[in-house]
Amino acid sequence: MKDLNIALAKGRVANAAIKLLIDCGCEFDDYSKESRKLIFHDKKNNIKVTLVKSPDVPVYVEKGAADAGIVGKDILLEEKADVYELVNLNIGKCDMCIAGFADKIPDYSKKITVGTKYPNITRDLFNKRGVLTDIIKLNGSVELAPIIGLSDIIVDIVESGKTLEENGLVVHEKFLPISARLITNKVSLKTKFDEIQWVIDSLESLVEKDGI
Amino acid sequence: MINYYIDGVNDLHFQELLGYQRINDEIEQVMRRFGYKPILTPNFEYYDMYAMDKSLSRDKMFKLIDKNGKVMVLRPDATIPICRMAANTFKNPEEVLKFSYITTIFREDNSKTNYRKDFIQGGVEYFGNSGPECDGEIIAVAITMLLNLGLEKIHIDVGQAAFLDGLFDGIDLTFSEKERINELIENKNLGDLKLYLGQLNITDEIYETMLKIPMLFGSYEDVMKKARELCLNGSMEAALDHVESVYEILSIYGLENYINLDFGFTNQLDYYSGLIFKGYAENWGDSILSGGRYDNLSKTFGVDRPATGFGINISLLMEIIGREENSQDYFDVLIRYENSMLSDALSTASLLRDLEFSTDIIDNKYIYSEENYRFVLMVEKNGIFISDKDDKIPTSIEKFMDILKGDISL
């Protein structure tokens with residue numbers, strides 16, 4: 001088989017994805033969750049896995065630096081890369097939510113301030129609803145924004161809701177289910193079709209079996 | 001100091017420009033060999049003309065305002081203005097026209113990985129012929145260009161917009177539903193396609209068929225066979241018949257081995273109506289050329305005339321195969337003179353130029369690059385010399401001429 005280069009979004013998605021790949025029969029001798037290595041080889045199947053920051057996965061794949069990638073739908077919607085989005089892996093599931101204080105549902109007929117890591121998704125959502133917004137792009141700890149009065153609400157992914165709860169916030173609305181996707185470079189899908197097809201088939205059979 | 005450099009545009013230096021010229025020459029030669037007449041449309045046109053094609057996003061166009069307040073845009077696409085030009089000038093829809101162009105395309109690209117705001121595109125447009133021999137010729141031109149440029153591992157993916165349109169025939173879907181399906185198929189987004197189709201009121205047969213289209217790509221024989229089995233009506237069959245005839249034409253050219261199929265190509269530029277194709281090479285992660293049939297575009301300019309064509313991204317080619325051209329011998333002679341010898345030096349230069357040798361001349365007190373000359377001739381008080389690395393070889397005008405002409409060697 002030809003070498004296949006897969007980029008994984010570091011963190012939650014990568015851990016779940018590597019587990020999936022191992023279940024498919026890949027062997028990564030040097031992998032452990034704690035390891036700081038960024039590149040792992042599966043010599044048996046000629047697969048190279050690269051761990052990168054999640055917004056970089058679509059960039060790697062679009063540019064062909066990786067043939068395929070596994071990354072959350074949230075990133076794909078936010079970054080809008082020119083790639084094929086082949087399989088919904090149903091791992092790393094969570095929801096894109098509007099959240100804020102339980103007793104402070106904002107008046108959507110007036111302009112509201114939104115704190116988020118996802119300015120594009122937020123803009124699309126409120127444009128569709130005809131709501132005027134000021135969007136504040138944050139890079140983390142978005143929950144702080146309403147607490148310190150930076151924004152009325154936040155738009156963020158919510159998995160268990162625990163972080164929100166601990167900071168005194170609640171989900172106002174879940175508006176978009178998110179899960180990890182297998183994406184491929186548009187040319188690699190053709191030039192390395194057999195290799196990618198093997199990954200797709202293996203992953204799909206797992207996804208269907210578990211019925212997650 | 002202020003940095004006046006704009007992101008996404010580029011200065012072209014001497015050697016790079018020579019690289020472009022080499023690529024342009026190859027491309028122009030192929031266009032000419034196949035009988036396409038070079039033309040050029042203005043750099044800007046009215047915004048309204050481009051606005052009718054929904055696929056060219058208004059955010060991606062560079063806009064200008066003329067003194068009457070009308071909005072114009074810098075050419076974001078070459079096909080639409082050539083189609084307009086053909087319709088303005090040649091009113092008879094029966095007349096066949098073949099045009100070629102090499103021009104700059106301006107697009108504000110917001111993609112994270114593509115910083116080019118302008119790029120050079122070459123292309124051909126073939127009007128007035130709806131036969132498979134016309135599509136075949138266009139694809140043959142495309143392949144010949146890639147081959148002549150010395151590219152390896154090239155292939156053309158051929159799709160057929162009419163195949164999916166045929167499947168839509170007789171199903172009651174709104175325009176935006178079709179658009180969404182097109183988009184999901186184009187991105188081969190199988191997961192979301194499944195979900196989306198599940199919500200629509202369509203038969204199981206159509207559901208199953210649509211789900212297969214994104215992965216309907218690969219070698220010609222395989223995919224054609226699978227596609228035949230998926231046909232649900234006459235228009236889908238007819239769409240495949242056309243692809244088959246084009247493939248036969250390409251076999252006569254002897255180019256059929258470069259052809260793959262991908263029925264997952266949909267109508268991304270709104271104007272495509274039939275056969276569409278993209279060209280790839282060297283495992284490069286993006287298509288180098290793309291084109292297809294746009295039979296309905298000319299109608300919007302008042303002349304109902306079928307058409308097909310393609311464009312090849314020359315700036316991208318330059319990235320892939322561009323190398324700095326050897327420019328060492330670009331000019332023939334540089335004359336460096338001692339200040340007092342100005343008149344001798346000037347007359348020598350005139351003499352050489354009359355004999356059509358490119359000749360540059362400069363006082364030797366200046367700092368000046370001597371890189372791009374075949375010979376550096378030094379005109380000094382005590383005679384004339386050819387500079388050869390650190391040596392000075394004495395010579396005479398007559399002898400130097402013979403050396404220049406190649407009659408005798410240095």
Distance check, rounded to the nearest 0.5 Å: A:L189 atom CG versus B:F217 atom CZ? 3.5 Å
If you count heavy atoms of other groups shown closer than 6.0 angstrom to NZ of A:K53, is the number above 12? no
Max heavy-atom pair count under 4.5 Å with chain B, selected residue of A:Q197, A:K192, A:E85: A:E85
Working to the nearest 0.5 angstrom, can you tell me the gap between B:N189 CG and A:I183 CD1? 11.0 Å
Candidate pair B:N187 and A:K186, rule side-chain contact (heavy atoms from CB on, under 4.5 Å), full reasoning: CA-CA 9 Å; B:N187 293 323; A:K186 290 196 163 180; 4.2 Å; yes
Minimum heavy-atom separation for B:L190 to A:L86, with atom names? CB-O, 3.2 Å
For a 4.5 angstrom cut-off between non-hydrogen side-chain atoms, does A:K190 reach B:N260? no
Taking OH in B:Y258 as the centre, count heavy atoms belonging to other residues, nucleotides or ligands within less than 6.0 Å. Is the count above 12? no
Report the distance from atom CZ of A:R181 to atom CG of B:D192, rounding to the nearest 0.5 Å. 4.0 Å
So B:E186 and A:Y84, do their side chains get closer than 4.5 Å, heavy atoms only? no
Engaged part of A:S188 at the chain B interface, taking heavy atoms whose separation is under 4.5 Å: neither
Please identify, among A:V61, A:N88, A:T184, A:N185, the residue contributing the most non-hydrogen atom pairs under 4.5 Å to chain B. A:N185
Does NZ in A:K137 sit with more than 12 non-hydrogen atoms of other residues, nucleotides or ligands closer than 6.0 Å? yes
